[in-house]
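Reading through the structure tokens given below for one structure.
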Amino acid sequence: MPQTPVETKRPSPEQLQKVLGTAFWNIAEHYGFTQKDIALILGIKENRQRLAALKKELVIPEDPDKLLRVSHLVGIHKNLRILFPHNREVVYAWLKTPRELFQGRSALEFIAEDPMQSMTRLFTVRRLLDQLRISA
């Protein structure tokens with residue numbers, strides 16, 4: 001008897017925003033991101049009131065660019081957890097620790113160096129970690 005394919009329902013944009021928002025704010029808390037770091041990663045201006053409102057609701061701005069930025073951050077976090085499964089201190093310090101990989105800067109400093117290219121640089125960090133994970 002042939003099997004019928006299982007239908008998977010795609011999450012609505014609101015559901016995706018809420019799930020990624022919750023993941024983002026949890027990651028931001030664990031990594032000890034400053035408001036400046038959060039604004040950089042989300043690609044928004046550093047506005048204390050706006051950031052507080054987003055955090056209170058555990059959401060991110062409703063914008064495909066922001067969803068993609070957060071998905072890159074989730075990918076970075078996933079890679080770090082796989083690379084360092086028994087050392088959360090290393091995982092949570094990795095983005096702020098200077099590395100030769102970034103010419104003596106941290107990954108966050110590398111991303112912040114050119115705010116107009118922060119999305120590309122966030123993606124670069126993710127891809128570098130993807131490669132490290134695959135070759136480990």
Side-chain angles (χ1 to χ4, degrees):
M1 178 155 68
Q3 291 183 344
T4 55
V6 176
E7 277 192 48
T8 56
K9 187 176 178 186
R10 292 182 63 148
S12 71
E14 295 80 19
Q15 290 170 320
L16 188 58
Q17 181 190 19
K18 184 67 175 174
V19 168
L20 285 176
T22 300
F24 174 78
W25 290 107
N26 285 334
I27 289 171
E29 182 75 25
H30 286 298
Y31 283 79
F33 290 157
T34 64
Q35 286 189 339
K36 184 177 180 179
D37 298 335
I38 291 167
L40 172 70
I41 291 167
L42 289 177
I44 62 176
K45 292 182 181 177
E46 187 180 346
N47 178 316
R48 190 175 312 181
Q49 291 173 325
R50 182 175 185 206
L51 291 173
L54 291 169
K55 184 176 181 178
K56 182 180 180 182
E57 297 295 321
L58 294 177
V59 295
I60 57 174
E62 195 172 335
D63 176 343
D65 172 78
K66 307 322 179 221
L67 297 176
L68 187 56
R69 287 170 175 273
V70 173
S71 70
H72 288 321
L73 180 65
V74 170
I76 288 168
H77 175 67
K78 179 190 94 172
N79 282 328
L80 290 170
R81 290 294 305 270
I82 291 169
L83 287 166
F84 307 104
H86 304 293
N87 197 335
R88 289 191 181 185
E89 284 183 29
V90 170
V91 169
Y92 298 137
W94 197 93
L95 287 170
K96 293 184 177 185
T97 304
R99 309 200 170 277
E100 285 193 30
L101 192 59
F102 303 111
Q103 289 96 32
R105 296 166 295 172
S106 71
L108 277 176
E109 289 169 333
F110 168 74
I111 294 165
E113 184 176 48
D114 186 354
M116 295 300 293
Q117 294 296 317
S118 62
M119 166 75 98
T120 303
R121 288 173 175 252
L122 192 61
F123 178 70
T124 299
V125 172
R126 180 183 183 173
R127 295 304 299 162
L128 286 168
L129 286 168
D130 286 344
Q131 291 303 311
L132 287 172
R133 178 178 49 86
I134 291 168
S135 64

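FYI, the numbering just counts along the sequence from 1.
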Problem set entry | Any donor-acceptor pair under 3.5 Å from Glu109 side chain to Ser106 backbone | yes
Problem set entry | Glu29 atom CD: more than 12 heavy-atom contacts under 6.0 Å | no
Exercise. Mind checking whether His77 and Tyr92 have parallel, tilted or perpendicular rings, split at 30° and 60°?
Worked result: parallel
Seminar exercise, completed: OG of Ser118 to CG of Leu42, rounded to nearest 0.5 Å, is 9.5 Å
Problem set entry | Flag for Arg126-Ser71: side-chain donor and acceptor within less than 3.5 Å | no
Problem set entry | Donor-acceptor contact present, side-chain Lys66 to main-chain Ile41, <3.5 Å | no
Problem set entry | Any donor-acceptor N/O pair, Arg121 side chain to Phe110 backbone, under 3.5 Å | yes
Exercise. Between Gln117 and Asp114, is there a donor-acceptor pair closer than 3.5 Å when you use the side chain of the first and the backbone of the second?
Worked result: no
Problem set entry | Pairwise side-chain contact, Trp25 with Leu54, heavy-atom cut-off 4.5 Å (strictly under) | yes
Problem set entry | Gln17 side chain vs Ile60 backbone, donor-acceptor pair below 3.5 Å | yes
Problem set entry | Crowding at NZ, Lys55 (>12 non-hydrogen neighbours, <6.0 Å) | no
Problem set entry | Rounded distance (nearest 0.5 Å) linking atom CZ of Arg88 with atom CG of Leu80 | 12.5 Å
For this session: Please answer whether the main-chain N or O of Pro98 pairs with a side-chain N or O of Arg105 as donor and acceptor at a distance below 3.5 Å.
Result: no
